[in-house]
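Have a look at the structure below, then the notes.
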Amino acid sequence: MLKLLVSLAFIFATAVAQQQPEESPPDASELPFLQTAAKELDAYATLAFKNHFPRRAREAWLEVVSEYDRDDAVAREALGFVRVGTAWQPKPDFQFPKSDEPNAASAKMLDAKWKEVAKKLGDGHRALGDSLTAANKPERARYHFTRSLRFQPTDSKSQAGVGAKTVEGVTGTDLELVLLKRSRMMDKQIAQLSEQTYEVKPSDKKDERLDKAKVTYT
């Protein structure tokens, strides 16, 4: 059963990987928005950090570095890196705070601020997706529609841009939704099997490998 589950998981992962085209470099027309997006997320992360929500801050700064500007000084320094020549190196003994200090008022304020940021970035990515589609650059257009859904998961125009839809609160392409459905079926089967009991009896059967190793076993 375990081998079957591993095989299915590998097949599903391979199917998803094959669906994802290799990302092409950004067009020059994208750079102003990418820089603006980095600043928006930097500002949100800084606000979250000052209000004792370092985990939210870290997620936003990691997104800046991974999606918008690998060389962003604000995010890099906040995450514990120092510039050495043209590269960023981890600071020795740097420890980023691991736990938030929950505060209802601060959490509500940050949630409201995130909605503003998400709308601005979602709208911007969708607009770029539209313009790049018109410019016959489908790979970059798809990237921006996908990023738009990161911030506005139910946006119908961005969903159409990547061939996605929302089912039971989950947004994804037909393949992704099928994989989700199958993974839930697998989870259900695993839970059912885990709850079953199996009769176990001692056996006099010997194992040559353990005997040669002179291991005591039952």
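For clarity, every value in this text was computed on a predicted model and none was experimentally measured.
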For the student: nearest non-hydrogen atoms of [X] and [Y], plus distance:
{"X": "Ala57", "Y": "Ala45", "result": "CB-O, 3.2 Å"}
{"X": "Pro32", "Y": "Ser29", "result": "CD-O, 3.7 Å"}
{"X": "Trp88", "Y": "Arg83", "result": "CZ2-NH2, 3.2 Å"}

Inset, instruction - Supply the atom-to-atom distance Tyr217 OH to Lys206 NZ, rounded to the nearest 0.5 angstrom. - result: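 Going from OH on Tyr217 over to NZ on Lys206, the span is 5.0 Å.
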If two hydrophobic side chains count as joined below 4.5 Å and joins carry through other members, does [X] share a cluster with [Y]?
{"X": "Leu79", "Y": "Val64", "result": "no"}
{"X": "Phe94", "Y": "Val84", "result": "no"}
{"X": "Val65", "Y": "Phe96", "result": "yes"}
{"X": "Leu47", "Y": "Val74", "result": "no"}

For a 4.5 angstrom cut-off between non-hydrogen side-chain atoms, does [X] reach [Y]?
{"X": "Leu110", "Y": "Arg56", "result": "yes"}
{"X": "Leu193", "Y": "Gln196", "result": "yes"}
{"X": "Asn51", "Y": "Asn103", "result": "no"}
{"X": "Asp100", "Y": "Pro54", "result": "yes"}
{"X": "Leu34", "Y": "Leu31", "result": "yes"}
{"X": "Leu149", "Y": "Gln159", "result": "yes"}
{"X": "Leu41", "Y": "Leu121", "result": "yes"}

Is a salt bridge present between [X] and [Y], judged by a nitrogen-to-oxygen distance below 4.0 Å?
{"X": "Asp123", "Y": "Lys119", "value": "yes"}
{"X": "Arg150", "Y": "Glu63", "value": "yes"}
{"X": "Arg142", "Y": "Glu139", "value": "no"}

Legend entry - Those residues that, when tested against Glu30, pass salt bridge (Lys or Arg N to Asp or Glu O under 4.0 Å) (two or more places apart):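 So Glu30 forms a salt bridge (Lys or Arg N to Asp or Glu O under 4.0 Å) with Arg140.
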Inset, instruction - List in chain and number order the residues that pass salt bridge (Lys or Arg N to Asp or Glu O under 4.0 Å) with Asp207, two or more places apart in sequence or in another chain; answer none if no residue qualifies. - result: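 Checked Asp207 against salt bridge (Lys or Arg N to Asp or Glu O under 4.0 Å); matches are Arg209.
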Inset, instruction - Only counting residues at least two apart or in another chain, list the ones meeting ring pair (Phe, Tyr, Trp, His ring centres under 6.0 Å) with Phe145. - result: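 Applying ring pair (Phe, Tyr, Trp, His ring centres under 6.0 Å) to Phe145 gives none.
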Inset, instruction - Please name all residues satisfying ring pair (Phe, Tyr, Trp, His ring centres under 6.0 Å) with Phe33, sequence neighbours left out, ordered by chain then number. - result: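 Ring pair (Phe, Tyr, Trp, His ring centres under 6.0 Å) list for Phe33, sorted by chain: His125.
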Inset, instruction - For the pair Gln152 (side chain) and Lys120 (backbone), establish whether a donor and an acceptor sit closer than 3.5 Å, ignoring hydrogens and angles. - result: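 No, because the side chain of Gln152 does not come within donor-acceptor range (under 3.5 Å) of the backbone of Lys120.
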Inset, instruction - With sequence neighbours excluded, tell me which residues meet side chain to side chain donor-acceptor pair (under 3.5 Å) with Lys115. - result: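 Not a single residue meets the side chain to side chain donor-acceptor pair (under 3.5 Å) criterion with Lys115.
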Inset, instruction - Go through the structure and list residues passing side chain to side chain donor-acceptor pair (under 3.5 Å) with Arg70, not counting sequence neighbours. - result: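 Side chain to side chain donor-acceptor pair (under 3.5 Å) check on Arg70 returns nothing, list empty.
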Legend entry - Trp61 versus Asp72, side-chain donor and acceptor atoms under 3.5 Å: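 Note: Asp72 and Trp61 side chains miss the donor-acceptor criterion.
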Inset, instruction - Assess the side chains of Glu67 and Tyr143: does a donor N or O sit below 3.5 Å from an acceptor N or O? - result: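 On atom types as modelled, these side chains qualify, holding a pair under 3.5 Å.
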